[in-house]
Amino acid sequence: MADTKGDAASRFDPTFTQNVINAMGPNTSPRMREIMGPLIQHLHDFAREVELTVDEWMEGVQLINRAGQMSDDKRNEGQLVCDVIGLESLVDEITYKKAAEASDFATQSAILGPFFREDHPIRKKGESIIYNTPDDGEVTYMYGQVLDAVTKKPLNNVSIDVWEASTNGLYEQQDDNQQDSNLRGKFYTDENGEYAFYCLRPTPYPVPFDGPAGKLLQLMDRHPYRPAHIHLIALGDGYKPITTQIFDKESKYLDNDSVFAVKDSLTVEFVPRKGNDSMARSELQYDILMAPMNSDVASGPEGGLTTNGLMTKL
Ligand code: BEZ
Ligand code: FE
């Protein structure tokens, strides 16, 4: 049988795409040109390859419009649409490629996700981030050291932002029944590089699926669940920032995270709490290895954290 798609592709105006690319004027910045040229080329090739119809294209346009209309300071549907097609995870991998290559030296990165807040309450070593302990919640004690990835020297005064969803699958800004800043905190390491806090052992939850991202998941016959995880950001003077997530190795969905963020080196083991601690049933020891800013051991965001599109609570 003839390759109808191939035949069809060759029927289209062979100069059209190059004309569109060439329309960029001389004041286009080199990086813009580098991005827009291939973007136009790939989008046109894609449309020709699948022979996209006007109706299908308009459905896509409406999906993007709905994502924009749904987005506000508490919800970033555009980011979520990117997440379910793996784009945030891919960009994370590209941006921190060196870190991925040197994964046994420095802690690997993972996507930020849309539920970070920049105003986490500062808490002392050993305090809890739990305000409302749900009946089905397991309290865990998480502790560890932050170390220089090269010298293994403990790092003092590194800030560690932590945030997680509750057992009902909701972050506090999604849930009127949770107190403000529940399950969030910012800790600083002490002179031994140590940090510690009580938190909930994380549980799997679905990403919001009542909008375009959910519709896409449904059309692709996929579930919306993420495996149990805790989000972390570590920032220390002279060190490359780390944005990451750690995943409970016993969790469901490790092999099919709806946003493709799981990395083997970021799976961790919760064990029964040692000693007499009436607060926590389990514990997790987790050390964070940071790369010196001027080393090529691993890379993080050179210019600091990207705050575009972050979801904050007013
Ligand atoms: C999260 O882990 O918080 C998350 C990541 C991507 C999409 C939605 C939620
Ligand atoms: Fe999350």
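All ligand and atom numbering here is 1-based and tracks the order in the structure.
- Exactly one of I122, V158, I129 qualifies for a side-chain contact (heavy atoms from CB on, under 4.5 Å) with F187. That residue is I129.
- No side-chain heavy atom of L183 sits under 4.5 Å from any side-chain heavy atom of C199.
- In summary, K215 and E59 do not engage in a salt bridge, as defined by a charged side-chain N under 4.0 Å from a carboxylate O.
- In this structure, E88 has no heavy atom closer than 4.0 Å to ligand 1.
- Here D72 does not pair with R75 in a salt bridge; the nearest charged N to carboxylate O distance is not below 4.0 Å.
- Remark: side-chain polar atoms of T28 are not paired, donor with acceptor, to backbone N or O of R33 under 3.5 angstrom.
- Side chains of Y131 and D180: a donor-acceptor N/O pair is absent below 3.5 angstrom, by distance only.
- Centred on the Fe ion (ligand 2), the OH atom of Y171 and the OH atom of Y205 lie at an angle of 100°, reported to 10°.
- Using a 4.0 Å cut-off to heavy atoms of Y205, the atoms of ligand 1 that qualify are 1 (C), 2 (O), 3 (O), 4 (C), 9 (C).
- Atom CZ of R66 is surrounded by more than 12 heavy atoms from other residues, nucleotides or ligands within 6.0 Å.
- The shortest N or O to N or O distance between H231 and ligand 1 is below 3.5 Å.
- Q245 contributes a side-chain N or O that, together with a main-chain N or O of I111, makes up a donor-acceptor pair within less than 3.5 Å.
- Contacts between W163 and ligand 1, counted as non-hydrogen atom pairs separated by less than 4.0 Å, are absent for every part of the residue.
- Annotation: atom 6 (C) of ligand 1 to nearest protein heavy atom, D83 OD2, 3.1 Å.
- The nearest N, O or S atom of Q245 is not closer to the Fe ion (ligand 2) than 2.8 Å.
- In terms of protein heavy-atom proximity, atom 4 (C) of ligand 1 is nearest to P114 CD, 3.5 Å.
- Against a heavy-atom cut-off of under 4.0 Å, L80 is close to the following atoms of ligand 1: 7 (C), 8 (C).
- Residue-level proximity to ligand 1 for R226 is carried by the side chain, the only part with a heavy atom below 4.0 angstrom.
- The contact set between ligand 1 and G113, taken as ligand atoms under 4.0 Å from a residue heavy atom, comprises 5 (C).
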